[in-house]
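Heads up, the thing below is written out as structure tokens.
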Amino acid sequence: MADLSNADIADALDELGDLYELDGAIIHRVVAYRNAAKAVREAPQAVAAMVRAGTVTSLVGVGKTLEEKLIALLDTGTIPSAEKLRAKYPPGLVAMTKLPGLGPKRARKLYDELQVDSLESLHQAAKDGKLKGVKGFGAKFEALVLEAFEAGIAERQEPRILLPRAIELANELCAELRGANVGVLSIEAAGGIRRWSESVKDIDLVASAADPAAVAAALPGLSIIDPSTASKPGEFAAKARTHNGAQVDLRVVTPDRYGNLLQHFTGSRDHNMRLREQAVRKGLHVSEYGVLDDASGETHRCASEEEVYALLDLPFVPPELRENRGELEPGWTVPELVQVQDLRGDLHCHTIASDGRNTVEEMVAGAMERGLDYIAITDHSATHGFGNHVTPDDLRRQIDRVHELNERLDGIEVLIGTETNILPDGRPDYDDELLEQLDWVMASVHTSFGMDSETMTARIVAAIEHPWIDCIGHLSGRRITKRPPYLFDIDAIVDAAARSGTMLEINASPERRDLNEVHARQARDAGVNVVINTDAHSVETAATLPVWGVATARRARLGPADIANTLPWAEFAPLRKRTTS
DNA sequence: GCCGTTTTCGGCCCGACTGTTTTCAGTCG
């Protein structure tokens with residue numbers, strides 16, 4: 001049996017944490033399991049192998065006890081304590097805690113008093129009017145439960161907003177508030193937007209003004225806000241939704257505390273928790289209102305975020321790194337992070353030959369305008385309908401045309417390539433003889449997403465080991481907020497890529513960002529050449545897309561030296577499997 | 001259950017909100 005993946009192990013630890021919480025364990029123990037799950041999920045190497053090697057306790061948050069449980073998990077496929085707790089608490093109890101206002105303590109109480117053990121039985125108890133009889137539960141809660149079921153539990157999940165859309169909304173809101181003549185001094189988006197997350201739950205805005213209440217009061221009147229959704233603005237805060245349903249949270253303070261507020265609402269939650277933990281050891285208590293010093297009893301107010309970090313004797317952490325992935329540990333220093341202008345080449349784009357909107361000449365002119373040294377034309381291959389089919393004969397003609405264009409042009413290297421489909425059996429859908437004649441070959445999965453992990457992994461590894469495939473495109477196939485990734489074993493894939501010298505792409509499309517930040521880091525750590533590509537289908541998008549791929553690379557803590565297409569062409573060329581161009 | 005410049009025990013982030021209470025536990029972000 002293949003070893004469990006990091007994700008499998010992390011899920012087992014999260015489940016155990018949930019079970020202990022239901023069992024009434026002290027919260028710190030529960031948190032310990034969740035911390036360990038996060039550490040495992042984001043570990044740069046296969047945790048199963050670390051367990052076998054006896055080194056798993058080197059992960060921060062995994063100690064002796066968890067090591068024993070992980071050994072049991074790998075040896076027997078299960079953790080004994082989890083088995084016991086599973087027998088004690090029906091699986092439906094965890095599902096119940098997903099309801100608003102119903103946490104583990106209260107779910108447990110309903111189970112003990114009413115034998116409510118699932119969403120279904122909870123619904124029935126509400127309909128029977130039994131809930132309000134339990135101490136601590138009232139008519140309001142019962143109504144809330146009925147309402148939740150009426151609305152459909154599934155639909156109650158707030159849709160997440162893709163980052164570009166969130167930024168667009170935030171910019172509109174900031175511009176309107178600045179123009180509202182209510183005394184805004186500073187205003188910007190915080191939260192996941194400022195950290196360049198893939199998607200966000202809501203739009204967090206922070207602002208400063210001499211009279212914060214006046215700014216808060218202005219939110220419901222903005223043109224893109226639906227005033228009927230606004231709660232009564234407070235002295236320092238206002239909440240409302242846009243006309244299309246996006247939740248907006250605005251917080252406003254006087255300028256002397258703007259740094260505290262910005263730091264607090266940029267997060268992440270995990271970063272802030274760790275930050276406050278570290279601060280407590282120094283006798284300091286951090287909140288959105290300031291930093292309280294135990295020694296003097298004084299609360300320091302910080303106008304800038306830099307002051308907050310300096311006061312805690314920490315390096316200033318760039319927002320996109322604030323995820324508690326080591327950035328607050330002693331000795332951490334700010335890494336150099338890749339920037340859009342570092343990119344010298346784009347190795348994945350489309351033209352009218354397949355489903356793109358511009359010609360080869362137009363795409364190349366656009367690349368020159370962006371100052372690139374090289375661009376690869378990688379239209380879709382012949383199987384499955386992406387616009388026009390590029391038949392093998394079409395592609396042969398393209399080779400000659402592009403090579404001729406390349407001869408004609410100075411200042412840029414134009415490569416003829418392809419984005420070949422990885423067929424279900426792992427073969428590319430052009431013959432080797434044709435792939436060999438190209439300058440660059442991307443290969444991607446576009447079909448048969450429903451395979452089990454083992455089959456999909458074998459399929460992708462076969463492509464990685466192919467002698468003419470230079471790079472795998474959008475590895476996981478996910479479309480953020482729309483389609484989950486297909487199943488595959490990232491450890492096996494990264495391993496194969498490192499062994500065979502096959503590159504892995506960070507696809508910059510904002511709904512892909514694929515490799516994701518954890519996989520990108522893992523690939524880099526394994527010595528895989530990582531590239532950032534646009535997958536652009538027009539000149540216009542080719543210019544605007546790189547920033548999203550760069551954001552993922554930065555969140556993966558990658559610098560220019562970690563991204564292969566920051567190299568000039570002469571140095572990049574020999575990294576391909578083919579040695580001549 | 002983890003961890004240590006308060007180091008093998010005794011801590012473990014902070015504040016707001018809510019519904020159900022008469023002072024707060026649980027939940028949420």
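Letters A, B, ... are given to chains in the order of the sequence lines, protein chains preceding strands, and every chain is numbered from 1. Small disclaimer: the values here were computed from a predicted structure and weren't measured. Worth knowing before you read on, the calculation uses all heavy atoms, side chains too, and leaves out hydrogens, waters and symmetry mates.
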Of the listed nucleotides B:dC2, B:dT20, B:dC14, the one nearest the side chain of A:F141: B:dT20
Quickly work out the A:E277 CD to B:dT6 P distance and round it to whole Å. 15 Å
Do other residues, nucleotides or ligands put more than 12 heavy atoms under 6.0 Å from A:K38 NZ? yes
Under 4.0 Å, counting only non-hydrogen atoms across every strand here, what does A:V286 touch: a base, just sugar-phosphate, or nothing? sugar-phosphate
Position toward the 5' end of DNA chain B (nearest nucleotide), A:V280 or A:T97: A:V280
For A:E142 and for A:K64, locate the closest nucleotide of DNA chain B by heavy-atom distance; then report the residue assigned to the nucleotide nearer the 5' terminus. A:K64
Taking the P atom of each, how far is B:dT22 from B:dG26, in whole Å? 14 Å
Atom CZ of A:R251 and atom P of B:dG29 are separated, to the nearest Å, by 14 Å
Taking A:H285 for its side chain and A:L292 for its backbone only, find out whether a donor-acceptor pair lies under 3.5 Å. no
Give a yes/no on whether any side-chain N or O of A:H28 is located under 4.0 angstrom from OP1 or OP2 of B:dG1. no
Taking the side chain of A:K140 as heavy atoms from C-beta outward, which of B:dG15, B:dC13, B:dT20 is closest to it? B:dT20
So does A:S287 get a side-chain nitrogen or oxygen closer than 4.0 Å to the phosphate oxygens (OP1/OP2) of B:dC13? no
Let me know the distance between CE of A:M273 and P of B:dC28, rounded to the nearest Å. 15 Å
Between B:dG10 and B:dG15 - P atom distance, rounded Å: 26 Å
Tell me what A:H264 touches on the nucleic acid: a base, only sugar-phosphate, or nothing, going by heavy atoms under 4.0 Å. nothing
Just how far, in rounded Å, is C1' of B:dG15 from CD of A:Q263? 14 Å
Measure the spacing between CG of A:L122 and CD of A:E142 and express it to the nearest 0.5 Å. 9.5 Å
How close or far is atom C1' of B:dG29 from atom CG of A:D270, stated in whole angstroms? 12 Å
Between B:dT8 and B:dC3, how far apart are the two C1' atoms, rounded to whole Å? 10 Å
Could you check which of B:dG1, B:dT20, B:dC14 has an atom nearest any side-chain atom of A:R29? B:dG1
Donor-acceptor pair under 3.5 Å, A:R106 side chain vs B:dG26 base: no
With side-chain contact (heavy atoms from CB on, under 4.5 Å) as the test, pick out the partner of A:V248 among A:L169, A:T242, A:D204, A:T229. A:T242
Please answer whether the main-chain N or O of A:V494 pairs with a side-chain N or O of A:Q522 as donor and acceptor at a distance below 3.5 Å. no
State whether a side-chain donor-acceptor pair under 3.5 Å links A:S199 with A:T481. no
Closest to side chain of A:R269, choosing from B:dC13, B:dG26, B:dC3: B:dC13
What interatomic distance, in whole Å, is found between P of B:dG11 and the corresponding atom of B:dT6? 15 Å
State which of B:dG26, B:dG15, B:dG19 makes the closest approach to the side chain of A:E288. B:dG15
A:V60 side chain: which of B:dC13, B:dC3, B:dC2 is closest? B:dC3
Whole-Å C1' distance, B:dT18 and B:dT23: 14 Å
With a 4.0 Å cut-off on heavy atoms, is A:I26 in touch with a base, just the backbone sugar-phosphate, or nothing at all? base
How many whole angstroms separate atom CG of A:L102 from atom P of B:dT18? 17 Å
Quick one: label A:R274 by what it contacts on the DNA or RNA (base, sugar-phosphate, nothing), any heavy atom closer than 4.0 Å. nothing
Can you measure A:L275 atom CG to B:dC14 atom P for me and round it to whole angstrom units? 10 Å
Could you give the distance separating B:dA16 and B:dT20 at their P atoms, to the nearest angstrom? 22 Å
Round to a whole Å and report the spacing from NZ of A:K105 to P of B:dC24. 17 Å
N or O in side chain of A:K69 less than 4.0 angstrom from B:dG1 OP1/OP2: yes
Mind checking the P distance from B:dC9 to B:dA25? Whole angstroms is fine. 30 Å
Suppose you measure atom C1' in B:dG1 against the same atom in B:dT5; what distance do you get, rounded to whole Å? 23 Å
For B:dG15, the Watson-Crick or wobble partner whose two distances fall under 3.5 Å: B:dC28
Qualifying residue, where the test is side-chain contact (heavy atoms from CB on, under 4.5 Å) with A:S268 and the options are A:M273, A:E323, A:R274: A:E323
